[in-house]
Amino acid sequence: MNLLEIFLELVIVVIVVVSLVANLLVLVCFTCSAQVRAQVPGIFIMNLSFCNILITILNMPSTLLGVVKRQKPFGDHFCYTVSFMDTFLTTNTMLSMAALGIDRWIAVVFPLTYSSKMRLKNAALMVSYAWLHSLAFSLTAVLLSWVDYSPAYASCIVHLGDDDGSRGHFVVFTAVFHACTFALSLFILCFTYLKVLQVARFHCKRIDVITVQTLMLLVDIHPSVKQRCLLEQKKRKQRATKKICIFIGSFVLCFAPYVITRLTELSPSVKIDRYWGIMSKCLVYSKAASDPFVYSLLRQQYKKALFEVFNRILGTSYTLSAHSSPSDMENECCSQRVNNTLKDNCL
């Protein structure tokens with residue numbers, strides 16, 4: 001066993017720990033917070049976290065054993081089950097991310113009709129479609145016996161045996177599968193979040209004009225405070241762009257190498273390097289560890305829910321507002337004065 005294999009094993013162990021803890025915290029927030037449960041995105045996030053937990057419990061340990069033993073970790077039936085779950089859960093997570101993108105697009109672009117278009121019933125239908133979509137491809141692979149252990153990835157995945165004569169059908173299945181999962185989800189993410197960014201920038205320009213005009217009326221405000229307000233407006237633009245880059249970039253970074261590798265190996269003359277195959281699989285697993293931070297745990301509502309849970313366990317009254325920085329308080333006061341002035345002018 002060389003250093004690279006030890007490194008890959010440590011990477012998988014770290015991903016397992018982070019993914020399990022982070023996704024369990026998301027489920028705790030959803031269970032304990034009525035505010036999180038009442039929101040439509042919470043349905044998609046819960047489904048995403050549930051799939052990530054199953055990937056962490058079933059698929060990641062199997063890959064870890066495959067790296068350590070350099071062979072199929074258990075028997076054929078267990079490997080078939082893991083292969084089925086790998087296809088089903090990975091597809092489900094991609095579609096859940098696409099559903100979150102659609103939800104944000106409707107909320108930002110069509111805010112007046114969001115409550116009628118994105119009800120909990122509609123969210124449940126979207127999640128049901130994700131499950132049926134995932135089940136169709138995973139069952140097809142199992143029924144056609146296209147599931148087995150792949151040494152190149154040290155994992156039980158959708159894989160065609162060397163002596164299988166149905167390569168043509170397998171090539172078509174693989175191409176359609178990745179087109180209907182990765183490519184479709186990526187298209188939805190790019191379309192929805194770029195539309196969201198376009199609308200956000202448009203509103204930021206309008207807010208900038210109003211803010212500058214209002215600050216010119218507030219002659220009693222210190223120039224440094226005015227400058228801070230204008231700087232905060234600029235930071236809001238950057239935060240919106242940064243978040244959307246994280247949503248799309250993390251999806252591409254984690255899934256694209258693995259998908260491209262799977263499509264490349266369809267050529268009989270291409271042999272995938274074992275270390276690269278395992279590393280690309282680790283990137284897919286890393287998405288399960290990063291999703292809780294990208295979509296939920298760093299948001300204010302989930303932070304509040306976690307603090308409430310910790311307060312119940314520890315019997316304290318710790319709050320987020322107790323740790324607001326002076327600059328945040330000054331910005332909040334500035335924003336409040338601007339809003340009050342705008343209200344007065346409108347009246």
Side-chain angles (χ1 to χ4, degrees), residues 1-2 4-13 15-16 19 51-94 134-178 181-182 254-255 257-288:
M1 182 179 296
N2 56 32
L4 185 55
E5 289 185 353
I6 296 175
F7 171 75
L8 292 174
E9 293 170 8
L10 291 175
V11 168
I12 296 175
V13 171
I15 292 175
V16 168
S19 176
C51 292
N52 287 336
I53 289 175
L54 291 180
I55 291 175
T56 305
I57 296 175
L58 295 176
N59 298 95
M60 295 185 191
S62 176
T63 301
L64 179 61
L65 291 176
V67 176
V68 174
K69 294 184 176 181
R70 285 179 165 265
Q71 61 182 3
K72 187 184 299 185
F74 297 104
D76 291 337
H77 294 292
F78 178 82
C79 191
Y80 297 159
T81 303
V82 173
S83 299
F84 170 84
M85 296 303 294
D86 179 80
T87 306
F88 176 81
L89 295 173
T90 303
T91 304
N92 206 329
T93 56
M94 290 185 185
S134 306
L135 189 62
F137 281 102
S138 54
L139 275 180
T140 301
V142 172
L143 293 176
L144 295 177
S145 299
W146 289 340
V147 289
D148 200 358
Y149 175 79
S150 175
Y153 303 93
S155 306
C156 295
I157 56 176
V158 174
H159 179 64
L160 185 67
D162 296 333
D163 55 347
D164 198 322
S166 58
R167 174 170 290 274
H169 296 87
F170 180 77
V171 170
V172 174
F173 170 81
T174 304
V176 173
F177 168 64
H178 290 299
T181 53
F182 173 78
C254 293
F255 288 116
Y258 179 74
V259 172
I260 294 174
T261 303
R262 295 307 309 270
L263 293 175
T264 303
E265 71 174 353
L266 293 176
S267 175
S269 60
V270 175
K271 297 297 179 182
I272 303 301
D273 180 74
R274 180 173 181 270
Y275 296 119
W276 168 250
I278 297 173
M279 182 60 70
S280 65
K281 194 64 178 175
C282 289
L283 286 175
V284 175
Y285 290 154
S286 67
K287 194 69 174 73

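Reckoned from all heavy atoms, side chains included, excluding hydrogens, waters and symmetry mates.
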Thr261 to Pro257 - nearest heavy-atom pair and separation: OG1-O, 2.6 Å

With the side chain counted from C-beta on, respond yes when Glu5 and Arg274 share a heavy-atom pair under 4.5 Å apart, and no when they do not. yes

Working to the nearest 0.5 Å, report the span between CD1 of Ile15 and OG1 of Thr56. 9.5 Å

Residues in side-chain hydrogen bond (donor to acceptor under 3.5 Å, both in side chains) with Thr264, at least two apart? none

Which residues share a disulfide bond (SG atoms under 2.5 Å apart) with Cys79, sequence neighbours left out: Cys156

Interatomic spacing from OG1 in Thr87 to CG in Asn92 - rounded to 0.5 Å: 12.0 Å

Judged by atom type as modelled, is there a donor-acceptor pair below 3.5 Å linking the side chain of Asn59 to the main-chain atoms of Val82? yes

For the residue pair Phe170 and Trp146, categorise the inter-ring angle as parallel (less than 30°), tilted (30 to 60°) or perpendicular (more than 60°). perpendicular

Ignoring hydrogens and angles, tell me if any N or O in the side chain of Ser19 forms a donor-acceptor pair with the backbone of Val16 under 3.5 Å. no

With a 4.5 Å cut-off on side-chain heavy atoms, are Tyr285 and Ile55 touching? yes

Going by the angle between their ring planes, with limits at 30° and 60°, are Phe84 and Phe88 parallel, tilted or perpendicular? parallel

Drop me the distance from Ile12's CD1 to Ser286's OG, to the nearest 0.5 angstrom. 11.5 Å

Quick one, Phe182 and Met94 - any side-chain contact, counting heavy atoms below 4.5 Å? yes

Distance in Å, Ile272 CD1 paired with Ser150 OG, rounded so as to fall on 0.5 Å steps: 9.0 Å

Quick check: closest heavy atoms across Gly277 and Ser280, and the distance to 0.1 Å? O-OG, 2.7 Å

Do the side chains of Phe74 and Ser62 get nearer than 4.5 Å, heavy atoms only? no

Using side-chain heavy atoms (C-beta onward) and a distance below 4.5 Å, is Asn2 in contact with Tyr275? yes

Counting only heavy atoms not in Phe7, do more than 12 fall under 6.0 Å of its CZ? no

Evaluate the ring planes of Phe173 and Phe177, with Trp represented by its six-membered ring, and classify them as parallel (under 30°), tilted (30 to 60°) or perpendicular (over 60°). parallel

Atom CG of Leu54 and atom OG1 of Thr93: how far apart are they, to the nearest 0.5 Å? 11.0 Å

Main chain of Pro268, side chain of Arg167: is a donor-acceptor contact present, judged purely on distance under 3.5 Å? no

Just how far is it from atom OG1 of Thr63 to atom NZ of Lys281, taken to the nearest 0.5 Å? 6.0 Å

Find out whether Lys72 and Asp148 are in side-chain contact, i.e. whether some heavy atom of one side chain is under 4.5 Å from a heavy atom of the other. yes

Strictly by modelled atom types, are Asp86 and Tyr153 linked by a side-chain donor-acceptor pair under 3.5 Å? no

Nearest heavy-atom neighbours spanning Leu135 and Ser138: O-OG, 3.2 Å

